[in-house]
2 protein chains.
Amino acid sequence: MELSERKQKILGAIVELYIKTGEPVGSKSLLSELDMSVSSATVRNEMAELSALGLLEQPHTSAGRIPTNEGYRYYVDNLMVDRQVDESLRRRIEAGFGSGISDPEKLLERAGEVLADLTGCAAVSTTPSGEGAYIRRVEAVPVGTRTAMIVLMTSTGVIKSKVARSDFDLNASVLESFYNVVKASFVGKLLSEVDTPMMQTLVASMGGDVFTLLPLITAVSDLAQEAVHTEVMLGGQSNILHHNNYYGNTAYELLEFLRRGEPLSKLLSTATEGKDVDVKIGSENPYRQLMKSSVIVSNYNIDGNRRGSIGIIGPTRIDYANLIPSVKYLTDLVGELLTQTFKEE
Amino acid sequence: MELSERKQKILGAIVELYIKTGEPVGSKSLLSELDMSVSSATVRNEMAELSALGLLEQPHTSAGRIPTNEGYRYYVDNLMVDRQVDESLRRRIEAGFGSGISDPEKLLERAGEVLADLTGCAAVSTTPSGEGAYIRRVEAVPVGTRTAMIVLMTSTGVIKSKVARSDFDLNASVLESFYNVVKASFVGKLLSEVDTPMMQTLVASMGGDVFTLLPLITAVSDLAQEAVHTEVMLGGQSNILHHNNYYGNTAYELLEFLRRGEPLSKLLSTATEGKDVDVKIGSENPYRQLMKSSVIVSNYNIDGNRRGSIGIIGPTRIDYANLIPSVKYLTDLVGELLTQTFKEE
DNA sequence: AGTTAGCACTCAAAACCAAAGAGTGCTAAA
DNA sequence: TTTAGCACTCTTTGGTTTTGAGTGCTAACT
């Protein structure tokens, strides 16, 4: 869509003013913000044309204009200039991560909280995906005569642990055969390879040990499943209430939607294929509950591989120019931290 | 405070009706709910006296009555009959805990979610306190030449892990001396004994090993700190919006308050000294933000020792008769599960 | 005594109405 | 193409009235 330079200027100003104030902007109040050597009538004509193009709309006939989703889209794609993430903000972000959080889950949770505080939006983050990760190590730590804590560590540094209880004593020889099985069949395997068929053939091939070892082996498999499954974390829910007005009265519905991890996880994973930062505006979102919200998502990479996402959810009149760079900055930082902490040396 | 039988009946009915409808109850509507062979005027007289006693109040002169905090208190202490937790509810609770969650943190988080869903309130739960718990086991699992994952397990089954990185290679002899130090100075110690002075004397006594071992030892100490510190978890925040009306317009403030763990944690720990289930009504709560809320808390025991709490937060017109037993039932169940899973055999 | 019918009174909430004001679209002149 | 002017629209605001549930009090009744 080609727009005259003046139309672009007007559209941009309307979007930014509306984002700032939340009030529909009329021709007069627009002129007082913008120094243009034209009259309000001229602006009105331009605004009428922008409405005809579907970029602006009116809540009712005698009100000012607000951007449509398409209006925001045009703004984000063509008009917006990314604000730099300024020094003080950077410091706040970095201060947000206390000294060395090494657990990736904790780190991501923290990242979500920091982002929520910073942006005044709800924030979501996913733990590093187990896709492509392999099992680096498995340990069985006896805690009783018949119980052991199974600890699994992945190549991405995720740790999962679980208590396994057997009907037989877990003496040294049992543990030894456990480690043999682990070494032969688990260590080095991709997490995604540990599935039901794999387990079935493994069990079938185990012979007599199966009764003593089964609970332990099952625990390992459970942990692998857990580790491959990325977890979605949510922070800053209360911020949604701040935007209450702009969400209509559906704040509750939105909160309920965000509580359910699955749709969110899908949302995050389908977003940002290739792109740097993905912005979905209002009805561009695939879920009914997000029709009045905008979502800004970016990926973080560990060692160059896309491993998870961090994003924020706010009203469609979210401050794109400032927040898109913030999200980007944070995800890059998280990626660096995780890469650094878990680089094999 | 002594009340005539009729006053008790009236007070009880008002409380229950108001809890059900949320509307101030007047003399007429009360009579239609209650079969009493007296006229509305008589009821009015009684209500006026109950108001004089501070048990009822009126939002404005020409409205019905609602219970004061003292009114609720009298109801809870004297009038209420606990409803039995019926079979179907029990099944829902038990179904809420999928098969064997062995990680106590996960279990408590789940318990909070279950309770929130069940009661329609926000729910809080604390992880088992490390008070009185000792270090059962420490493992160092090398993950690179200079990094190791330190895993600490407590006597209450809590697992904490963390990556430690050293400036020196972590070969077998380093690990051996690490295990020696651990065995001598950590295993069997109470978590609370691992504090700064203890670490200082330990480091002072270590001699030459200190440079290679310090990062590992520090990690152990960090983990002990983490483990002794109970974590507060919050679930069902969105339920608060359902009660929005009854909280006034301060839903946001309440949510913000609940986000901060410290005051909550204090609240839970000071509550229920000795008692079975503790109920704090409105201004009985020590925090301004909870003045319009009621809190129902109960403790769970592991192996007979009080280890943590689970509770719900709702409007003062919460359904005490049903929810108090539910909270009790759930905490008992959680205690049983945790005791069972982590009993030393 | 305790109870009840009756009645005047109160007050929030709903309904109604009027005026204000911001903004528009259109027309006609520059 | 731009602009001044104007009639029109529709929300917002504020004030007034009506309604209705509920009260407290008094006087009669049991």
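Here is the naming used below: chain letters follow the sequence lines, and residue numbers restart at 1 for every chain.
The OH atom of A:Tyr18 sits 19 Å away from the P atom of C:dA22 (whole-angstrom rounding). Between the CD atom of A:Glu49 and the P atom of C:dC26 there is a distance of 12 Å, given to the nearest Å. The interatomic distance linking A:His60 (NE2) with C:dG23 (P) rounds to 10 Å, in whole Å. Counting to the nearest Å, the C1' atom of C:dG23 and the CZ atom of A:Arg65 are 9 Å from each other. Atom CG of B:Leu30 and atom C1' of D:dA21 are 15 Å apart (whole Å). Put simply, CE on A:Met36 is 14 Å from C1' on D:dT3, counting in whole angstrom units. The interatomic distance linking A:Leu31 (CG) with C:dA22 (C1') rounds to 15 Å, in whole Å.
B:Thr42 has a side-chain polar atom (N or O) that falls below the 4.0 Å cut-off from OP1 or OP2 of C:dT4. Not one side-chain nitrogen or oxygen of B:Thr61 sits closer than 4.0 Å to the OP1 or OP2 atom of D:dG24. Between A:Arg44 and C:dT27 there is no side-chain N or O to OP1 or OP2 distance below 4.0 Å.
For C:dT10, its base sits under 3.5 Å from the side chain of B:Ser62 at one donor and acceptor pair at least.
Here the rule is salt bridge (Lys or Arg N to Asp or Glu O under 4.0 Å) with B:Glu253, and of B:Lys292, B:Arg288, B:Arg260, B:Arg259 only B:Arg288 fits it.
For the pair A:Gly282 and A:Ser294, the tightest heavy-atom approach, listed with the atom from each and the gap, is N-OG, 3.9 Å.
Within 4.0 Å of B:Ser27, counting heavy atoms only, lie sugar-phosphate atoms of the nucleic acid but no base atom.
The partner of D:dA4, taking Watson-Crick or G-U wobble pairs whose two distances both stay under 3.5 Å, is C:dT27.
Other residues, nucleotides and ligands contribute only 12 or fewer heavy atoms inside 6.0 Å of the CD atom of A:Gln84.
Closest-nucleotide positions on DNA chain C for B:Asn45 and B:Pro59 were compared, and the one nearer the 5' end corresponds to B:Asn45.
Checked for salt-bridge contact, B:Arg91 and B:Glu87 meet the test: a charged N lies under 4.0 Å from a carboxylate O.
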